[in-house]
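Both backbone and side-chain heavy atoms feed into the values below; hydrogens, waters and symmetry mates do not. Given the structure is predicted, the values throughout are model-derived calculations rather than measurements. Numbered from 1 within each chain, the chains take letters A, B, ... in sequence-line order.
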Amino acid sequence: MPTPAEILQERLSDALQLLGFHPIAPIQVAPTADPIHGDYQTNIAMLLAKEVRGNPRDLASRIAEKTNVGDIGDPPEVAGPGFINFRLGVEFLAREVGAIARDSKLGVQAVPQPKKLIVEFSSPNIAKPMHVGHIRSTILGDAIARVARFVGHQVITDNHLGDWGTQFGKVIYAWKHYREDGALESDPMGELVRLYREADTRAKEDPSVLEECRLELVKLQQGDPENLEIWQRCAGLSRAEFSTIYEMLGIRFDEQLGESFYHPELPGMVERLLAKGVATESQGAIVIFDTEISETPFIIRKSDGGFGYASTDIATLEYRMQKWNPDGIWYVVGAPQQLHFRQLFGAARRLGYQVDLEHIAFGSILGEDRKLMRTRSGESVPLRELLQEAIDRAGKLVDEKNPALPKEDAAEIAKIVGLGAVKYAELSQHRMTDYVFSWSKMLSFQGNTAPYLQNAYVRSRAIFRKLDQAFELPGTIVLTEPAERTLAKKTLRFAEVVPSVLDGFKPNVLANFLFELAADYHVFYEQCPVLTAEGSAKASRLLLCDLFARTIKTGLELLGIAVPERM
RNA sequence: GCGUCCGUAGCUCAACUGGAUAGAGCGUUGGCCUCCGGAGCCAAAGGUUGUGGGUUCGAGCCCCGCCGGACGCACCA
């Protein structure tokens, strides 16, 4: 079923045909900023007036006159410099609300042309701790993948693990010299991290250690059995650690092909690029120059014969094209790597790949001092500890607000609220802004936070627990109160907002919508008693409550956030 | 130096891709509980959108110049 905006678009399109216009660009129909201008508006008359050098208001009147909206609402009005405003009528609203209430997807339609998309996100480095820096990619990527699936795309998520980098020389060196088996047993990941740091600091002090680390790496890459075994054990331990975090976060990947997976392909790939004339030799390295992008080259083989991540990323691209032939590959990776991706995409173009490549960049997470978030000792905050703290803090809050809850339920709720708070803090913000991490703000029950939205859901569900009979969708829907209409209109917009998340990759658009929806629900809740109402008023209000609950639940799920039934 | 991103209320952030009087939350001030969860609602105060030009019916958004910040610029990912 089309959304209100789409219906209006179609009617406008018909009117323009009658008047002899054939606009190429889609007709913009946007919700109005202020309800005094109605519910939806279009600026099409002003755009066309510019083209034909006519008077925008006159043109707007002619278009308005020919636009048939008798079954939708009031006759369109011309206002301001040439806007055409539309107001949705009560009958139309009731009809539409009834329709989306019967739709499992709440009116969200499948895209006309489903695409096959690969979404690469999270991508932590093995043998390094997963820290706050990874959380943005993880949460953002997951949300985008969920939305893309929901609107009908075929999505393959891939965790592009950094399991073959230079850091492994250090890890292996330290493994051989400083390993403590007891610690490895009790806290494997902690020990791995300790080993890496140990080698890292020693290498900085002593060039000979650095050289030995390099040699260990070379041995590994040449297939030395001992180093290979150490690498495999480290990789196994890291993956296990990552899995527990992903499980905690409710995130699943279709593929987890690490960089090591592509390693055997690298020499052949470099030869191919040389043969095609895409790559050239420079200062002993094999590089791709594209001065339109940057003076510095894209290094696909180092002068010492080794491979960096530029090479792996090209090999990965080739593999994906061969295996899946996708329409798009989306990389959810931090903004500092913009140059890398511009170069990668440039290389892909030269290789003749026809695929939509997107770097979905994002800003950094700052501490409350507005500097990159660190622990007191100056290290990056381990993700696992951060998530546990979120759960603990949420647990305390839930305990304060609702001490009567059974212990087991309280623990489950703490998890839902705590993790939801962390995710929502990310996703409610424009992805490019560096955002300030604040426990008190994200866990507040007021304002634009996950707990506020979850609580709105819980309140709406509480009504149904008090209901003495099963809820059934009513045949007739009455919307007499302004608060009912406002809520109904907002709910209809869900189907417009969800697909729009993908243009510009902005989950914060959905988050902000859910916040507005919850606010509208609270006004409705305040002004329209449900259980004490009677007849079709009661039935209609129950329907609004149910529809609200489903919408906020579905919306939060698209952001990867769960809702509790009580809290 | 070159490049990318950014600069909006005291603070944290929006602004549907160029639309009407720039909106929320927190904080501040003042109201609302015989009623479904007050974890809520209503109202007020708070702005020359860093700055100077330009483009046009119309600019927070596009173009140019400054100021201020973050990040990146040949073999680490």
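Of the candidates U21(B), C5(B), G19(B), the closest approach to any side-chain atom of M432(A) belongs to C5(B). Nearest to the side chain of M46(A), among C57(B), A20(B), C13(B), sits C57(B). Side-chain proximity of N512(A) to A77(B), A74(B), A14(B): nearest is A14(B). Comparing C71(B), C42(B), U4(B) by their closest approach to the side chain of Q338(A) singles out U4(B). The listed nucleotides are C42(B), C73(B), A77(B); the one nearest the side chain of V523(A) is C42(B). Relative to the side chain of T433(A), the nucleotides C42(B), C13(B), G3(B) differ in distance, and C13(B) lies closest. Of the candidates C41(B), C36(B), A77(B), the closest approach to any side-chain atom of Y309(A) belongs to A77(B). Among the nucleotides C41(B), C57(B), A77(B), the one closest to any side-chain atom of K50(A) is C57(B). The side chain of F83(A) approaches G19(B) more closely than any other nucleotide in the set A15(B), G19(B), C13(B).
Nucleic acid contact for G162(A): none, since no nucleic acid atom lies under 4.0 Å from a heavy atom of the residue. Residue-level contact check: A30(A) touches neither bases nor backbone, having no heavy atom under 4.0 Å from any strand. Across all strands, V497(A) comes closer than 4.0 Å to no nucleic acid atom at all (heavy-atom distances). Residue K466(A) is classed as a sugar-phosphate contact, given heavy-atom separations below 4.0 Å to backbone atoms only. Within 4.0 Å of A79(A), counting heavy atoms only, lies at least one base atom of the nucleic acid. S303(A) comes within 4.0 angstrom of a base, heavy atoms only. Contacts of F515(A) with the nucleic acid, taken as non-hydrogen atoms under 4.0 Å apart, involve only primed sugar atoms and P, OP1 or OP2. As judged by a 4.0 angstrom heavy-atom cut-off over every strand, Q446(A) is placed among residues touching the sugar-phosphate backbone only. Contact annotation for A285(A): base contact, defined as any heavy-atom pair under 4.0 Å involving a base atom. C213(A) comes within 4.0 angstrom of nothing in the nucleic acid, heavy atoms only. Residue contacts for V530(A): at a heavy-atom cut-off of 4.0 Å it reaches a base atom on one of the strands shown. If you check every strand for non-hydrogen atoms under 4.0 Å, S282(A) touches a base. Among the heavy atoms of the strands lying under 4.0 Å from R493(A) is at least one base atom, whether or not backbone atoms are also near. Contacts of F307(A) with the nucleic acid, taken as non-hydrogen atoms under 4.0 Å apart, involve only primed sugar atoms and P, OP1 or OP2.
The same atom, C1', is picked in U51(B) and in C67(B); the two are 7 Å apart, to the nearest Å. Comparing the P positions of U34(B) and U21(B) gives an interatomic distance of 43 Å, to the nearest angstrom. Remark: the separation of the C1' atoms in C35(B) and G7(B) is 48 Å, to the nearest Å. Between U29(B) and G65(B), the distance separating the two C1' atoms is 44 Å to the nearest Å. Of the P atoms belonging to C41(B) and C5(B), the separation is 38 Å, rounded to the nearest Å. The P atoms of C16(B) and G68(B) are separated by 30 Å, rounded to the nearest whole Å. Using C1' as the reference atom, A22(B) and G46(B) are 14 Å apart when rounded to the nearest Å.
When the side-chain nitrogen and oxygen atoms of N508(A) are compared with OP1 and OP2 of A15(B), one or more of them lie within a distance under 4.0 Å. Distances shown here put every side-chain N or O of Y435(A) at or beyond 4.0 Å from the OP1 or OP2 atom of C11(B). In this structure, K441(A) does not reach the G27(B) phosphate: none of its side-chain N or O atoms is under 4.0 Å from OP1 or OP2. At the phosphate of C13(B), OP1 or OP2 sits under 4.0 Å from a side-chain N or O atom of Q429(A). Between T449(A) and the phosphate of U12(B), there is no side-chain N or O to OP1/OP2 separation shorter than 4.0 Å.
Of the nucleotides present, none pairs with A45(B) by Watson-Crick or G-U wobble criteria with both distances under 3.5 Å.
Between E516(A) atom CD and G25(B) atom P the separation is 11 Å, expressed in whole Å. Rounded to an integer number of Å, the gap from D434(A) CG to C71(B) P is 9 Å. Taking atom CZ on F513(A) and atom C1' on C13(B), their separation rounds to 19 Å, with Å as the unit. Atom OH in Y521(A) sits roughly 14 Å away from atom P in G40(B) (whole-Å rounding). In this structure, Y40(A) places its OH atom 17 Å from C1' of G19(B), rounding to the nearest Å. The nearest whole Å value for the distance from the CD atom in E51(A) to the P atom in C57(B) is 14 Å. Here A24(B) presents its C1' atom at 11 Å from OH of Y424(A), a figure rounded to the nearest Å. Rounded to whole angstrom, the span from the CD1 atom of I365(A) across to the P atom of A70(B) amounts to 19 Å.
The aromatic rings of Y435(A) and F437(A) sit tilted relative to each other, their planes meeting at an angle between 30° and 60°. Classified by interplanar angle (parallel below 30°, tilted 30° to 60°, perpendicular above 60°), the ring pair W164(A)/W231(A) is perpendicular. Using cut-offs of 30° and 60° on the angle between ring planes, the pair Y309(A) and H340(A) is parallel.
By the rule that a glycosidic angle within 90° of 0 means syn, U17(B) counts as syn. A glycosidic torsion no more than 90° from 0 defines the syn conformation, and C33(B) adopts it.
Donor-acceptor pairing under 3.5 Å, judged by distance alone, is present between the side chain of E526(A) and the base of G40(B). Scanning atom types as modelled, no donor and acceptor separated by under 3.5 angstrom connect the side chain of E259(A) and the base of A77(B). In the interface, the side chain of N85(A) is paired with the base of A20(B) through a donor and an acceptor atom under 3.5 Å apart.
If you look at F345(A) and Y331(A), their ring centroids are closer than 6.0 Å. Side-chain rings of F548(A) and Y521(A) approach one another, their centers coming within less than 6.0 Å.
If you find the closest nucleotide of RNA chain B to A310(A) and to S428(A), the one lying nearer the 5' end belongs to S428(A). A residue-by-residue look at Q28(A) and R566(A) shows that Q28(A) has its nearest nucleotide of RNA chain B further toward the 5' end.
The residues D39(A) and R87(A) are annotated as not salt-bridged, no charged nitrogen and carboxylate oxygen being separated by less than 4.0 angstrom. Salt bridge R214(A)/D304(A): present, at least one basic N to carboxylate O contact under 4.0 Å.
In this structure a side-chain-to-backbone donor-acceptor pair under 3.5 Å is missing from N85(A) to G38(A). The closest donor-acceptor contact from the side chain of E265(A) to the backbone of Y262(A) lies at 3.5 Å or more, if one exists at all.
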Worksheet entry | Q109(A) vs E6(A), side-chain hydrogen bond (donor to acceptor under 3.5 Å, both in side chains): CA-CA, chis, key distance, verdict | CA-CA 11 Å; Q109(A) 306 160 79; E6(A) 284 169 340; 2.7 Å; yes

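Here H37(A) counts as stacked on A20(B): its ring centre is under 5.5 angstrom from the base ring centre and the planes meet at under 30°.
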